[in-house]
Amino acid sequence: MTDMKRIAFLGMGVMGAPMAGHLARAGHTVTIYNRTAARAQDWYNRHKSAGLDVAMAATPAEAAAGQDAVITCVGNDDDLAQVVLGPDGALAAMAAGSLFVDHTTVSPAIARTVAEAAEAHGILALDAPVSGGQAGAENGKLSVMCGGSEQAMAAARPVIEAYGSRITHIGGPGAGQAAKAVNQICIAGTLAGLSEAVRFAQAADLDMGKVLEAVSGGAAQSWQMENRWQTMAEGEFDFGFAVDWMRKDLAIALGEANARGVPLPVTALVDQFYSIVQAKGGRRQDTSALIRHLPGGKPE
């Protein structure tokens, strides 16, 4: 399985499209599927004209047939079930011994359901959500959190290395998705604190560049501070990981925590703040738009 060359990639969104591109440039034969056909066609045209070995399919099952691996990166639990399970889903068309990898952020519950269905077909399965955002996908520098068997992990690693710079096997089926919930909980809290820090610095009439220089070298440093401080201060949010998707991810984290009896008061509060940002028209803005729930900044 280490010399895989035939790969189906289902989902040509802001994350999936560049990830599939990395696979094609790594020398794999990549067949794509996307529910919005125009988006798939655009990807196909660009990569075919670059001389890469790519193809398109009309259904998930058609894309999956005869492949060594099938990779998904779609929207949510329902989207994943639609493209993977059922008569037109990928699993029904995959051969025993092939590999299924899901990069969607979904609930651990559906990750385990898909893993069970894959096992019934003799297919190796890995839930492998990613972190790093659109820039990480485009640069091939994603962090990948994996749940599944050791055998599935060994088969998937050489493929994922095309776009993953940090690949960690967390545990069994669903463990990757649980780890992604941890990731999103951390981001929510970090952005909440960073939002308040930016607004305080502005209210204190401080030089924002000098404040960043001073605090980013100490214990307050974070990826969010390094990459979002300036744009938050300037009120620029039309890029990155959308607020709508962050709320979807936080709903998964809060649901899992509730099922396990773990209170997440800060995460729940940040989720409410994001609902305010959504109401202000920030649904597709970057998660750093969280600062918009606070007064101040540039006039909207």
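Under the salt bridge (charged side-chain N to carboxylate O under 4.0 Å, His left out) criterion, the residue pairs touching residues 248-265 are Glu256-Arg260, with sequence neighbours excluded.
Considering only heavy atoms from C-beta on, Met94 stays 4.5 Å or farther from Leu99 through its side chain. Residues Thr29 and Val54 fail the side-chain proximity criterion, which asks for heavy atoms closer than 4.5 Å. Side-chain contact between Arg228 and Trp223 is present, with at least one heavy-atom pair separated by less than 4.5 Å.
Minimum interatomic distance between Val30 and Ala20 (heavy atoms only, all atoms of both residues): CG2-O, 4.2 Å. Shown here for Arg199 and Leu294, the closest heavy-atom pair between the two residues is NE-O, 3.7 Å. Nearest heavy atom pair, residue Leu126 against residue Ala152, reads CD1-CB, 4.1 Å.
Sparse packing is recorded around CZ of Phe200, with 12 or fewer heavy atoms of other residues, nucleotides or ligands lying under 6.0 Å away. No more than 12 heavy-atom neighbours from other residues, nucleotides or ligands sit within 6.0 angstrom of CD on Gln151. The number of heavy atoms from other shown groups lying within 6.0 Å of CZ (Arg46) is above 12.
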*What's the verdict on side chain to side chain donor-acceptor pair (under 3.5 Å) for Asn45 and Gln41, showing C-alpha distance, side-chain angles and the deciding distance?*
CA-CA 6 Å; Asn45 291 343; Gln41 187 70 57; 2.9 Å; yes

*Would Asp88 and Thr59 satisfy side chain to side chain donor-acceptor pair (under 3.5 Å), going step by step from the backbone distance to the final call?*
CA-CA 7 Å; Asp88 290 326; Thr59 67; 5.6 Å; no

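Using a distance-only test at 3.5 Å, with no hydrogens or angles considered, a donor-acceptor pair links the side chain of Asp127 to the main chain of Gly174.
In this structure, Val84 is a member of the same hydrophobic cluster as Tyr33, with clusters built from ILVMFWY side-chain heavy atoms closer than 4.5 Å.
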Could you give the side-chain donor-acceptor pairs of residues 111-121 under 3.5 Å, partners two or more places apart or in another chain?
| residue | atom | partner | partner atom | Å |
| --- | --- | --- | --- | --- |
| Thr113 | OG1 | Ala109 | O | 3.1 |
| His121 | ND1 | Ala117 | O | 2.9 |

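Aromatic pair Tyr163/His22: ring centres not closer than 6.0 Å.
Classification of Lys5 and Asp53 as a salt-bridged pair fails, no side-chain N sitting under 4.0 Å from a carboxylate O.
With sequence neighbours excluded, no residue forms a side chain to side chain donor-acceptor pair (under 3.5 Å) with Glu161.
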